[in-house]
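Comments concern the structure below.
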Amino acid sequence: MESMEAEMKSLTKVWITVLVCLTYCYIISRNFPKGLFRLVSVLPVIPIFIILPLSLSSIHLLGIIGFFIAWLANFKLLLFSFNQGPLSSPSISYLHFISIACFPINFKRNVSPKTNNSASQTPESSSSRSFLIYALKGLVVVLLIYVYRFKQHLHPNFIIFLYCVHIYFLLEIILIITAKSVEFFLGLELEPQFNNPFLSTSLQDFWGKRWNLVVTGILRPTVYQPVQIICARIFGKRSAQLIALLATFVVSGLMHELIFYYFGRVWPTWEVFSFFVLHGVCLAVEIELKRRLKNRFQIPPLVSGPLTAVFVLVTGAWLFFPQYLRCGADVKSLGEYVIVAESVRGLIQKYWGSNRLVF
């Protein structure tokens with residue numbers, strides 16, 4: 001309990017520091033023109049946001065704060081320096097500036113009109129269906145936590161598969177709770193974070209249209225587009241697109257290595273980085289093959305879908321999860337679930353006086 005209270009104090013200090021830094025950025029946005037001067041004024045905030053997660057020890061808090069602040073917030077501030085991205089609206093309020101900078105959310109720019117089929121679904125029925133889906137995913141996470149008690153009797157590859165499902169569902173739940181909270185308190189209509197990645201029919205479909213769309217949306221203007229523009233003048237438009245694609249996966253790999261460093265505080269083995277570089281190379285090959293074939297040959301979705309899923313899972317088990325297991329993130333995260341469960345049980349016993357509750 002004492003360690004949990006200490007962690008909450010550290011978390012409070014982290015968020016106070018974030019608010020102070022973002023307030024500073026919001027004020028300078030009206031005093032410095034876009035470009036070099038604004039970039040220089042923002043640069044001191046970047047290393048602060050990278051260092052902040054190191055004051056925490058919880059795996060879940062490290063992952064969330066590292067992703068929200070060290071990665072997304074820093075990239076948004078870089079875009080903001082050149083008057084681009086979601087923070088650059090001249091009419092943006094202070095509250096919206098802080099919320100968009102802190103959390104993985106994007107505004108919907110164009111809302112397509114509803115078709116006759118979608119019109120038959122009321123907002124209430126759609127919300128109820130979404131709530132039920134996420135409730136079921138939350139139940140799956142709870143069941144997986146229970147199954148991990150018997151992991152010594154299960155095949156290691158099956159455990160890695162369960163980790164894949166666990167991390168995906170947990171990440172989706174965290175992001176949707178964040179998005180819905182901001183939507184409720186600020187009245188904003190937000191873009192979805194995921195688009196059924198398990199239905200992907202290719203790597204291009206998986207990374208470009210279905211998996212973690214917030215990250216895709218922030219990497220495109222910060223990495224892909226600038227690299228493409230620069231390389232197009234040297235290598236031509238076609239080659240520039242492939243180089244920009246590889247550069248995007250390289251940056252994504254580096255940022256994931258940073259998150260894993262937060263977990264274990266050990267020098268990276270570059271397996272996670274290699275996972276993203278491998279996917280970038282394979283995606284570039286896939287795109288080039290599609291260009292050359294020009295739709296003369298297409299793999300049926302019933303075949304390409306399972307192949308895509310198998311490729312993601314196999315490469316993840318080979319390169320992504322070994323470092324996750326090596327730094328003990330799985331053991332630490334399960335220990336945190338136990339601490340939370342014990343805390344909830346203690347609160348229930350305190351306020352209801354029940355000594356027979358067993359979790």
Side-chain angles (χ1 to χ4, degrees), residues 46-47 49-54 59 62-76 78 104 156-157 160-161 163-164 166-168 170-171 197 200 202-204 206-208 210-228 230-231 240-288 308-330 332-333:
I46 305 295
F49 280 5
I50 292 176
I51 295 172
L52 276 178
L54 295 175
I59 290 295
L62 283 169
I64 294 172
I65 300 300
F67 178 47
F68 285 11
I69 305 303
W71 186 348
L72 296 184
N74 274 341
F75 278 50
K76 290 176 183 178
L78 290 175
N157 290 334
I160 290 178
F161 171 74
Y163 284 154
C164 290
H166 184 173
I167 291 176
Y168 163 54
L170 185 63
L171 181 59
S200 301
S202 65
L203 288 178
Q204 188 176 15
F206 178 82
W207 290 112
R210 294 185 179 277
W211 179 259
N212 210 340
L213 302 178
V214 173
V215 170
T216 302
I218 202 68
L219 287 176
R220 185 178 292 112
T222 53
V223 182
Y224 181 86
Q225 292 174 354
V227 173
Q228 182 186 21
I230 294 172
C231 291
Q241 291 177 342
L242 298 179
I243 295 172
L245 176 67
L246 292 175
T248 302
F249 275 86
V250 166
V251 172
S252 180
L254 291 173
M255 296 310 300
H256 279 84
E257 287 286 3
L258 177 63
I259 301 298
F260 274 74
Y261 176 78
Y262 292 147
F263 289 160
R265 312 293 167 90
V266 294
W267 191 253
T269 58
W270 304 110
E271 290 167 292
V272 175
F273 175 78
S274 300
F275 169 84
F276 286 94
V277 171
L278 174 63
H279 275 253
V281 171
C282 292
L283 178 53
V285 171
E286 177 186 299
I287 293 173
E288 188 62 22
T308 301
V310 169
F311 180 78
V312 173
L313 290 173
V314 170
T315 54
W318 172 36
L319 294 171
F320 191 88
F321 282 98
Q323 191 169 339
Y324 178 81
L325 300 175
R326 193 177 300 117
C327 68
D330 57 330
K332 295 176 184 176
S333 62

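Starting from 1, each residue takes its place in the sequence as its number.
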Checking ring pair (Phe, Tyr, Trp, His ring centres under 6.0 Å) against Phe275, which of Phe320, Phe311, Phe260 comes through? Phe320
So, using side chain to side chain contact (heavy atoms under 4.5 Å, CB included) as the criterion, who are the partners of Val277 when residues are at least two apart? Val250, Phe273, Val281
Answer yes or no: does atom CZ of Phe161 have more than 12 heavy-atom neighbours from other residues, nucleotides or ligands under 6.0 Å? no
Among Phe67, Trp71, Phe263, whose ring pair (Phe, Tyr, Trp, His ring centres under 6.0 Å) with His256 holds? Trp71
Does any part of the side chain of Phe75, heavy atoms only, come nearer than 4.5 Å to the side chain of Met255, both counted from C-beta? yes
Flag the pair Thr248 / Trp207 as yes when at least one side-chain heavy-atom distance between them is below 4.5 Å, and no otherwise. no
Over 12 foreign heavy atoms within 6.0 Å of CH2, Trp270: yes
Decide side chain to side chain contact (heavy atoms under 4.5 Å, CB included) for Val272 and Ile259; before the verdict, give the C-alpha distance in whole Å, the side-chain angles of both, and the deciding distance to 0.1 Å. CA-CA 10 Å; Val272 175; Ile259 301 298; over 6 Å; no
Could you state the interatomic distance from CD1 (Ile65) to CG (Leu52), rounded to the nearest 0.5 Å? 8.5 Å
Check: Ile50 and Tyr262 side chains under 4.5 Å, non-hydrogen atoms: yes
Sorted by chain and residue number, the salt bridge (Lys or Arg N to Asp or Glu O under 4.0 Å) partners of Glu286 (sequence neighbours excluded) come out as Lys290
Between CD1 on residue Ile160 and CG on residue Leu325, distance to nearest 0.5 Å: 6.0 Å
Assess the residue pair Glu271 and Thr269 against the criterion (side chain to side chain donor-acceptor pair (under 3.5 Å)); give the C-alpha distance rounded to whole Å, side-chain angles, the decisive distance to 0.1 Å, and a yes or no. CA-CA 6 Å; Glu271 290 167 292; Thr269 58; 2.8 Å; yes
